[in-house]
Protein chains: 2
Amino acid sequence: MTTTEPTGSAPRRGRGRPGYDQAAILRAAVELFNRKGYDATSMGDLAKELGLTKPAIYHHVTSKEQLLSQALDDALDELTAAVTAATGDRAGQTAYERLREVVRRSVEVLVAHQPTVTLLLRVRGNSGVELAALERRRWLDDRLAALVADAVAEGALRDTVPPALVSRLLFGMVNSLVEWYSADGAYDPAMLADAITVIAFDGLAKHAA
Amino acid sequence: MTTTEPTGSAPRRGRGRPGYDQAAILRAAVELFNRKGYDATSMGDLAKELGLTKPAIYHHVTSKEQLLSQALDDALDELTAAVTAATGDRAGQTAYERLREVVRRSVEVLVAHQPTVTLLLRVRGNSGVELAALERRRWLDDRLAALVADAVAEGALRDTVPPALVSRLLFGMVNSLVEWYSADGAYDPAMLADAITVIAFDGLAKHAA
């Protein structure tokens, strides 16, 4: 992968760095999209942020939309892998066990890919790229709702709340991580995954049992 | 309150309407901010959306930031009332009872004020108005975390998850409503409030007890 030297105007990355490759430009773009909003961010803003000229950036990427597409794929590919693993044919595992596992794996994905998942969760469908991402999210949501329904049908989950609503609330709690989790924060991913699965499945209240 | 007739270019509201007052302009602005992003929305966009001229809008509001400030206050005033009611001195109520009640009331506020709460939850601190709103959110978060800590100290909540984390996850689940709830949807507010309190406090799993 080719690299590009930053211009002198914003040498923010410390000395001795070899410059920017496509992955570093993508990381900076995602950070900027999350901070300013995708629509409000221009390629000129990105160039300024990186201390590069616009031609130097276009040496690596064809458009702002390409950066968005790559970022959303990063999040969606990981989430799809987690959901596919949990919803596939798994001999000997109940739907309930697979649901607990997909919650745990989703937390791990959100923690490891927080910037791109944050961007994904803010997508509103303002372009073809965004609509395609929403389509993939919907596919994931449908799979997860079906898994919840299976766990209810097994008799493992309470049946007083509709499965589609359970799925929305459960993953609403999981997804809310991206709003405040940061890798230098107080919680390690395994502890977070434990906390979320315990709260969601076993509840916050101490039970008389 | 004065009203302004729409120009002929976008008569979207049906005949016989008296035009727009400040509240209607605010509602349209919030909808547009949520759809396009606040930074990416101009007063020209808002005028176009309403079929008004820009001077007609400036007859009612002084700036885009004033609209943002009013919208954020709408959400924050309601949430503050809910939290203050639950965290004040309430003879005879345990912290656990007050926590369950504030969860329920928060759901009601989110449902009744979904557009302005959505806007609030997306604020990132890009201006003085946004920083002031974040400050008020932080005050609410601190109050809620203290209430969770009290409920743990009472022995009502499990003590294996730190109270600050419980508070984040609990209200992360509540706040996730704004991403998908809509008033014409399948769930009525009381049923939603029940579902959320049951999942959060009693858990999804059927307990052997």
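These numbers come from the heavy atoms of this one structure, side chains and all, not from hydrogens, waters or symmetry mates. Proteins come first, then strands; the chains are lettered A, B, ... in the order of their sequence lines, and each starts at number 1.
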Derivation and outcome, side-chain contact (heavy atoms from CB on, under 4.5 Å), residues A:Leu169 and B:Leu177
CA-CA 8 Å; A:Leu169 294 172; B:Leu177 283 186; 4.2 Å; yes
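- Inter-residue side-chain proximity for B:Leu192 and A:Leu165 is flagged as met; some heavy-atom pair is nearer than 4.5 Å.
- Residue B:Ala151: no heavy atom, backbone or side chain, is found under 4.5 Å from chain A.
- Interatomic distance, A:Tyr187 OH to B:Arg168 CZ, rounded to the nearest 0.5 Å: 6.5 Å.
- Annotation: maximal heavy-atom pairing with chain B below 4.5 Å, among A:Pro162, A:Ala156, A:Gly37, occurs at A:Ala156.
- Heavy-atom pairs under 4.5 Å with chain A were tallied for B:Val148, B:Leu157, B:Val161; the largest tally goes to B:Leu157.
- The CG atom of A:Leu204 lies 7.5 Å from the CG atom of B:Leu99; values are rounded to the nearest 0.5 Å.
- Residues A:Val198 and B:Arg158 have side chains in contact (heavy-atom distance under 4.5 Å, counting atoms from C-beta outward).
- Residues B:Asp39 and A:Ala40 approach most closely at CB-CB, 3.9 Å, considering heavy atoms.
- A salt bridge is absent between B:Glu179 and A:Arg122: the closest approach of a Lys/Arg side-chain nitrogen to an acidic carboxylate oxygen does not fall below 4.0 angstrom.
- For A:Asn175, no part sits under 4.5 Å from any heavy atom of chain B, backbone or side chain.
- Interface remark: B:Ala195 contributes backbone and side-chain atoms alike to the contact with chain A (heavy atom separation under 4.5 Å).
- With a 4.5 angstrom heavy-atom cutoff, A:Tyr96 touches chain B only via side-chain atoms.
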